[in-house]
Amino acid sequence: MTVNSLLSDASLRLEKALHHVNISEDASERLKYPKMSLSVSIPVRLDDGSLKIFRGYRVRYDDTRGPGKGGVRYHPNVSLDEVQSLAFWMTFKCALLDLPFGGAKGGITVDAKSLSKAELERLSRGYIEAIADAIGPDTDILAPDAYTNAMVMGWMMDHYSIIQRKILPGVVTGKPLGMGGSQGRNTATASGAFDVIKTICKKLEYVPEKTTVAVQGFGNAGAELAQQLACAGYRVVAVSDSRGGIYAEQGLDIPSIRQYKSESRNMAAVYCEKSVCNIVEHQTITNEQLLTLDVDILIPAALENQITADNAHQVQAQLIFEVANGPISSAADVILEEKGIMVVPDILTNAGGVTVSYFEWVQNRSGFYWPATDIRDQLKTRMVTATNQVWHIAQTRQISMRTAAYVQALMRLGEALDAKGTRTYFSGSSA
Ligand code: NAD
């Protein structure tokens, strides 16, 4: 699927949800278009003295409920269409979690790994230079996404503060702790997903010890979530990264895999090189095999479009929790629904990251910093509340969890958009 069709694919979910919610025509029409799409060129002096121009983007999809909020992605595939679709998802995610934010996203078309550290810093500062007029703590707030991290966020916040001649930590979240970052931000997405999974499993009466789990993607989100699930007693039987995966019917020792992967950068080798294979029988599998394993729970936590019309028929899991953004195409959605597989959507499952970003923004603006336990408690409360709301809508209206999540978000967005007046109001035909 091309990135162009990513936005149309995302919009199909909106169309479906609009059938189940009573919002004005004005509001639904407004939500079909991004509010602002900025395309910039960023000149960067490379270490060898040459000048290279990079393409960058910032999209504010909607800001009716508050300033735009969304990450910045560095990747060779970044395009305006991709950034628009990611900003669209952020709009609905923030509304679903009832955060006082709209949705935004940014990106630079670059292979970050090909740049030196100094070049990367100049590129990050150049990006802020180019989009400074469109962002700010009350306008549009940045955060990390693929191939950007806390240090990049620190450079961005620093550069914005230099331009504005005052320290403005609230313009960026996901910063290093020493620059106004929040406790718990690193593990927020996994912790939030854990809360969603636990809440749904309790409703479905799944016992952790008898529940098997496969996780695709062993990065920030996937590896931490696999570990939290394993610690809570779930049997994590398969994990994978871009090079492939491993499977053990009796369950994997996730902390060891994490430790050895960070040392060897190779997951398949973990068990044998470190002699754990004497204790745990395991087999290597491909990413395609992982997606079709006979497990209770499947967690795609890597990339977009992993389950499509091509492989959806082979999926055997009963429950899928989307930790990655957009891992299931809309065509696959239909097939999974026909098979009776419940999909808990990305805008709910992975919303822990933006929720703790919200806490970071609040802390920056109040100048009062919360301990890690308070962050974790507040995160859990919000994730469990949102999960219960989506569950209730899905059950009472007999619709999928995905459509229910969009319905909940649309009700909030519709209320905000309609508060500015509707056709009925202005035509004078209502009280
Ligand atoms: P990451 O870069 O830390 O990890 C990604 C992992 O996926 C890596 O282990 C990588 O090897 C693996 N991978 C790459 N290609 C793969 C393939 N073809 N098959 C299997 N694995 C593959 O990224 P992350 O921060 O963990 O994010 C993962 C997903 O979660 C992304 O879709 C991201 O947008 C989404 N997400 C992350 C956060 C967050 O806070 N980290 C928040 C919201 C959504």
Side-chain angles (χ1 to χ4, degrees), residues 6 10 69-75 77-78 82-83 85-87 89-90 92-94 96-97 99 103 105-107 112-113 142-150 152-153 173-174 181-182 184-194 196 214-228 238-246 254 257-258 261-262 264-268 270 284-293 298-308 311 321-328 345-360 379 383:
L6 204 61
K69 182 84 193 76
V72 183
R73 177 174 290 195
Y74 287 0
H75 195 275
N77 293 344
V78 163
E82 185 191 49
V83 176
S85 68
L86 292 164
W89 276 318
M90 285 305 294
F92 288 85
K93 197 184 296 185
C94 291
L96 176 59
L97 267 291
L99 307 178
K105 205 79 181 188
K113 287 186 256 179
L142 281 52
D145 193 75
Y147 295 101
T148 54
N149 57 17
V152 174
M153 294 306 110
T173 60
S182 176
R185 180 61 184 86
N186 284 346
T187 51
T189 302
S191 298
F194 177 80
V196 174
V215 183
Q216 184 204 41
F218 206 67
N220 277 338
E224 173 65 26
L225 177 58
Q227 182 156 329
Q228 291 194 20
V239 293
S240 70
D241 65 10
S242 54
R243 298 180 189 192
I246 48 177
I254 303 296
I257 299 175
R258 278 186 97 177
K261 190 192 165 186
S262 70
S264 68
R265 302 186 62 77
N266 188 352
M267 203 145 62
V270 168
T284 55
I285 53 170
T286 64
N287 270 297
E288 292 71 31
Q289 287 170 324
L290 181 137
L291 295 172
T292 58
L293 283 174
L298 175 63
I299 303 177
L303 304 168
E304 296 99 16
N305 279 316
Q306 293 302 292
I307 303 175
T308 64
N311 60 356
F321 291 90
E322 293 184 319
V323 168
N325 283 312
I328 300 177
D346 44 11
I347 61 168
L348 174 62
T349 311
N350 71 27
V354 70
T355 302
V356 175
S357 274
Y358 165 54
F359 299 157
E360 182 175 334
L379 173 64
M383 296 306 296

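Just so you know, ligand 1 is whichever comes first in the structure, and atom 1 is the first atom listed for that ligand. Values below: every heavy atom of this structure, side chains too, minus hydrogens, waters and symmetry copies. For reference, positions follow the sequence shown, starting with 1.
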Could you see which bit of [X] sits under 4.0 Å from ligand 1, with heavy atoms only: side chain, backbone, both or neither?
{"X": "P144", "answer": "neither"}
{"X": "D241", "answer": "both"}
{"X": "E288", "answer": "neither"}

Note: R73-E304 ion pair, threshold 4.0 Å (strictly below):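 Answer for the salt bridge query: yes.
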Salt-bridged, E224 to R258, with N to O below 4.0 Å?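 Looking at R258 together with E224, the answer is yes, because their closest N to O distance falls below 4.0 Å.
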From the candidates [options], the one that places a heavy atom nearest [atom]:
{"atom": "atom 31 (C) of ligand 1", "options": "A302, A221, A146, P327", "answer": "A302"}
{"atom": "atom 9 (O) of ligand 1", "options": "Y147, W89, F218", "answer": "F218"}
{"atom": "atom 44 (C) of ligand 1", "options": "V356, N350, L86, N287", "answer": "N350"}

Please check if a non-hydrogen protein atom sits closer than 4.0 Å to atom 2 (O) of ligand 1.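 No, there is none.
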Is_contact(atom 23 (O) of ligand 1), protein non-hydrogen, under 4.0 Å: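 No, because not a single protein heavy atom sits under 4.0 Å from atom 23 (O) of ligand 1.
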Starting from [atom], which protein heavy atom do you reach first, and at what distance in Å?
{"atom": "atom 36 (N) of ligand 1", "result": "V323 O, 3.9 Å"}
{"atom": "atom 37 (C) of ligand 1", "result": "T189 CG2, 4.3 Å"}
{"atom": "atom 4 (O) of ligand 1", "result": "G219 CA, 3.2 Å"}

Do the side chains of I254 and V239 get nearer than 4.5 Å, heavy atoms only?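 Sidechains of I254 and V239: in contact.
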Ignoring hydrogens and angles, state whether a donor on the side chain of T189 or N350 is under 3.5 Å from an acceptor on the partner side chain.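 Their side chains do not contain a donor-acceptor pair, so the 3.5 Å distance test is not met.
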Give yes or no for whether the N/O distance cutoff of 3.5 Å, strictly under, is met between Q306 and ligand 1.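 Between Q306 and ligand 1, no N or O pair is found under 3.5 Å apart.
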